There are 2 protein chains.
Amino acid sequence: MPDESQLGGEFTLAIFKLNGQLLAAGEKLAEPASITVAWWQVLGAVLRQPLTAPGIARQMGITRQAVQRIANRLIAEGLLQASPNPAHKRSPLLAPTKDGRLAIERIRPGQAEFSTRLIKSFGRAEFEALISELHRMSTTVDAVGP
Amino acid sequence: MPDESQLGGEFTLAIFKLNGQLLAAGEKLAEPASITVAWWQVLGAVLRQPLTAPGIARQMGITRQAVQRIANRLIAEGLLQASPNPAHKRSPLLAPTKDGRLAIERIRPGQAEFSTRLIKSFGRAEFEALISELHRMSTTVDAVGP
DNA sequence: ACCATAATGACAACACATTGCCAATATGAG
DNA sequence: CTCATATTGGCAATGTGTTGTCATTATGGT
């Protein structure tokens, strides 16, 4: 059993590194719309259907407080709007404004271009297989994790 | 070409999620030593040989300022010590103190246990293959990236 | 040896995420 | 209906990372 500990560390570092690389790539892609990656993620979460702030947080896998602060900021910037929620008097449904959708639209071409080049360069079949393995790894970490 | 854009997004989200999961696991593992994951990483970087703060940063792939602040904190906590650097009068070499090594030692068993269980559950061959693909993906992102 | 350039440490401002706490509001079991 | 419990938004403190700036110190080409 050659060094499980070291192998685990190598895996962790590989994920951390890729996380940083993708964040940096996202910043560049989001720049033309003058928004940050976090704003992009929140706006993206409500493109298809309005959600409450805690609902967005659950979908993104981060805390509701983090989403709440970004949502407040996005509302102040006029990119997100709150509508009364019939199911929750205290928790309005959040949806992008026209400007919010415009911002996402301005990012889309660059994102599509980047994805296309990345997948082409990495190999489409291998790309899909990698995603599949990453999902399986997520499940495994949840099952095993300390 | 079915939706490269969506596939790219799915990949990014998978990496972000795993990043969060591994950070959370790391926090739990580091807790018995009362240190954070960032402290652990910095201490881990100088276990084998002393490095300067910018040297640690280059190895970790983050900015020297981020490392510097953590290093200053670790020195204040008595986990890291600075020794004169013959090659750089302004940039001391940083090495763990006895307490610093003790802290890492206290983490090691849990980390080894977690790694072993993770690799066993995921499959060793698949685990190694995944790391290899992640490295290849890092290279691809660097080559393609916006 | 000299001087432009690079590297380093310190400091500040900002973005993002976390935990913990509080008060107000839903929700659901009895 | 009532009351314990869960959810929600707001606020504060903290940790981690970034960029930018500044003064000081090395480094290297001429």
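The sequence lines fix the lettering, A, B, ..., with proteins before strands; numbering per chain opens at 1. Computed from a predicted structure; not experimentally measured.
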Enquirer: Can you give one letter per nucleotide of nucleotides 4-15 of chain D, going 5' to 3': B for a protein heavy atom under 4.0 Å from the base, S for sugar-phosphate only, - for none?
Expert: ----BBBB---S
Enquirer: What's the CZ-C1' distance between B:Phe16 and C:dC16, to the nearest Å?
Expert: 12 Å
Enquirer: In whole angstrom, what separates B:Leu93's CG from C:dG9's C1'?
Expert: 15 Å
Enquirer: So which heavy atom on A:Ser121 is nearest to which on B:Val144, and how close?
Expert: CB-CG2, 3.8 Å
Enquirer: Using a strict 4.0 Å threshold on nitrogen-to-oxygen distance, state whether A:Glu31 and A:Lys28 make a salt bridge.
Expert: no
Enquirer: Once you round it to whole Å, what is the distance between P of C:dC16 and CG of B:Leu23?
Expert: 17 Å
Enquirer: Which part of the nucleic acid, if any, lies within reach of A:Ala24 when heavy atoms closer than 4.0 Å are counted: base, sugar-phosphate only, or nothing?
Expert: nothing
Enquirer: What pair of heavy atoms forms the shortest contact from A:Asn85 to A:Ala87, and how long is it?
Expert: OD1-N, 2.9 Å
Enquirer: Decide if atom CD of B:Glu126 counts as having more than 12 heavy atoms of other residues, nucleotides or ligands within a radius under 6.0 Å.
Expert: yes
Enquirer: What is the separation between atom CD on B:Gln21 and atom P on C:dA17, rounded to the nearest whole Å?
Expert: 16 Å
Enquirer: Atom CG of B:Asn85 to atom P of C:dA7: distance rounded to whole Å?
Expert: 15 Å
Enquirer: CD of A:Glu31 versus P of D:dT18: gap in Å, rounded?
Expert: 17 Å
Enquirer: Going through the checks in order, is the side chain to side chain contact (heavy atoms under 4.5 Å, CB included) test met by A:Thr97 and A:Leu74?
Expert: CA-CA 10 Å; A:Thr97 62; A:Leu74 286 173; over 6 Å; no
Enquirer: Quick test of your reading of the model: are A:Arg124 and B:Glu4 salt-bridged, counting only N-O distances below 4.0 Å?
Expert: yes
Enquirer: For B:Gln41 and D:dG17, what is the distance between atoms CD and C1' respectively, to the nearest whole Å?
Expert: 12 Å
Enquirer: Distance check needed: C:dA15 P versus A:Ile62 CD1, whole Å only.
Expert: 16 Å
